[in-house]
Amino acid sequence: MFSALRACARLPSWTTGVWRSSSTTLFSLSQSRSFHPTPSSWVTINQAMKRKKPQKILKSKSPLLNSAPQRKGVCTQIFTKKPKKPNSSNRRVARVKLSTGKTLQAYIQGEGHNLQEHSVVLIRGGRAQDLPGVGYKVVRGAMDLGGVVGRATARSRYGVKKPKK
């Protein structure tokens, strides 16, 4: 058997035209002449079950904020939008140009607002579920946007101070 391997080692390599050394030929023959049905790099079922799952790379749900919690922007347009199928009303939406230069649509929460064109607002992540294309919200009670008047519950979300007794 070894005489056959030595004879193969003396053969020229057809790909490069260079004579092979005996050690590389032995290595290449041992890899290509494996008679085992599965390659050695495959793992058993038990080994695979013990391994950790590869972690998925989480994609940002608010990519225009550039991984910042909020961004400042200027309102370019205030308009109403109709929600998706089972719901019906008119939702207030603002088109905002961020300080980074990117434009987006942001939902204005709560009843009533004092926004108009050129108002400076603070934008946070969080989509309006029944408005397609609106993936951001305007922070109430920050910058030019006031809080909701007469709000008693969930006040921190709508920028309202605690009422005096």
Side-chain angles (χ1 to χ4, degrees), residues 15 24 27-28 30-165:
T15 55
T24 57
F27 179 71
S28 64
S30 66
Q31 277 202 333
S32 64
R33 304 250 336 200
S34 173
F35 297 108
H36 201 272
T38 57
S40 60
S41 62
W42 286 12
V43 294
T44 64
I45 292 172
N46 281 344
Q47 287 169 336
M49 291 187 56
K50 285 179 184 176
R51 276 189 187 169
K52 286 183 183 174
K53 281 185 183 176
Q55 288 206 333
K56 289 181 183 173
I57 299 166
L58 292 176
K59 191 173 67 169
S60 173
K61 291 189 177 178
S62 49
L64 296 178
L65 296 181
N66 294 344
S67 67
Q70 298 98 14
R71 283 258 180 219
K72 186 171 78 168
V74 179
C75 291
T76 56
Q77 189 182 5
I78 309 291
F79 56 97
T80 60
K81 218 174 177 185
K82 289 189 185 250
K84 283 202 290 189
K85 195 67 185 271
N87 298 336
S88 74
S89 81
N90 286 326
R91 308 253 192 257
R92 277 47 163 192
V93 177
R95 182 170 285 124
V96 179
K97 183 165 184 170
L98 295 178
S99 57
T100 58
K102 295 172 181 166
T103 306
L104 55 85
Q105 288 182 4
Y107 177 60
I108 305 167
Q109 291 181 292
E111 295 177 11
H113 65 84
N114 61 337
L115 281 187
Q116 49 194 342
E117 208 174 320
H118 308 302
S119 295
V120 179
V121 291
L122 199 64
I123 301 296
R124 68 176 174 89
R127 68 190 189 101
Q129 278 78 1
D130 56 1
L131 292 174
V134 180
Y136 300 87
K137 288 180 179 171
V138 181
V139 178
R140 297 290 311 231
M143 299 189 176
D144 289 350
L145 180 59
V148 177
V149 179
R151 183 84 194 190
T153 58
R155 293 187 329 273
S156 64
R157 245 184 281 166
Y158 296 94
V160 180
K161 299 276 187 214
K162 189 155 187 167
K164 301 260 175 154
K165 289 187 178 179

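Quantities reported herein were computed from a predicted structural model and do not represent experimental measurements. What you see below is based on every heavy atom in this structure, not just the backbone, and it leaves out hydrogens, waters and symmetry mates. The first residue of the sequence shown is numbered 1, and numbering continues consecutively from there.
Looking at residues two or more places apart in sequence or on another chain, you find a side chain to side chain contact (heavy atoms under 4.5 Å, CB included) between K72 and V120, M143. With sequence neighbours left out, the side chain to side chain donor-acceptor pair (under 3.5 Å) criterion links E117 to no other residue. Among residues two or more places apart in sequence or in another chain, the side chain to side chain contact (heavy atoms under 4.5 Å, CB included) test is passed with T44 by N46, Q47. Not a single side chain to side chain donor-acceptor pair (under 3.5 Å) links T80 to another residue, sequence neighbours left out. Taking R124 as the reference, Q109 meet the side chain to side chain donor-acceptor pair (under 3.5 Å) condition, with sequence neighbours excluded. The side chain to side chain donor-acceptor pair (under 3.5 Å) check on R157 picks up nothing, with sequence neighbours excluded.
Nearest approach of G110 to V148, heavy atoms of both residues: CA-CG2, 3.9 Å. Taking every heavy atom of both residues into account, L131 and P83 meet most closely at CD2-CA, 3.8 Å. The heavy-atom pair separating L65 from G125 by the smallest distance is CD1-N, 3.6 Å. Minimum interatomic distance between F79 and A94 (heavy atoms only, all atoms of both residues): CE2-C, 4.5 Å. When all heavy atoms of A106 and V138 are compared, the pair lying nearest together is CB-CG2, 3.6 Å.
A distance of 12.0 Å separates NZ of K137 from OG of S62, quoted to the nearest 0.5 Å. We find the OG-CG distance between S89 and N87 to be 7.0 Å, quoted to the nearest 0.5 Å. Atoms CG and CZ, on N66 and R71 in that order, are 5.0 Å from each other to the nearest 0.5 Å. We find the SG-CD1 distance between C75 and I108 to be 6.5 Å, quoted to the nearest 0.5 Å.
Side-chain contact check for T103 versus L98: every heavy-atom pair is 4.5 Å or farther apart. With contacts defined as side-chain heavy-atom distances shorter than 4.5 Å, the pair V121/L115 qualifies.
Pairs engaging residues 87-101 under the salt bridge (Lys or Arg N to Asp or Glu O under 4.0 Å) rule: R91-D130 [sequence neighbours left out]. Residue pairs satisfying the side-chain hydrogen bond (donor to acceptor under 3.5 Å, both in side chains) criterion with at least one member in residues 140-156, sequence neighbours excluded, are absent. Sequence neighbours left out, not one pair with a member in residues 77-89 passes salt bridge (Lys or Arg N to Asp or Glu O under 4.0 Å). Note on residues 42-52: no pairs pass salt bridge (Lys or Arg N to Asp or Glu O under 4.0 Å), not counting sequence neighbours.
Between the Y136 side chain and the L64 main chain, a donor and an acceptor come within less than 3.5 Å of each other.
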| field | side-chain contact (heavy atoms from CB on, under 4.5 Å) between V96 and T76, intermediate numbers included | value | CA-CA 6 Å; V96 179; T76 56; over 6 Å; no
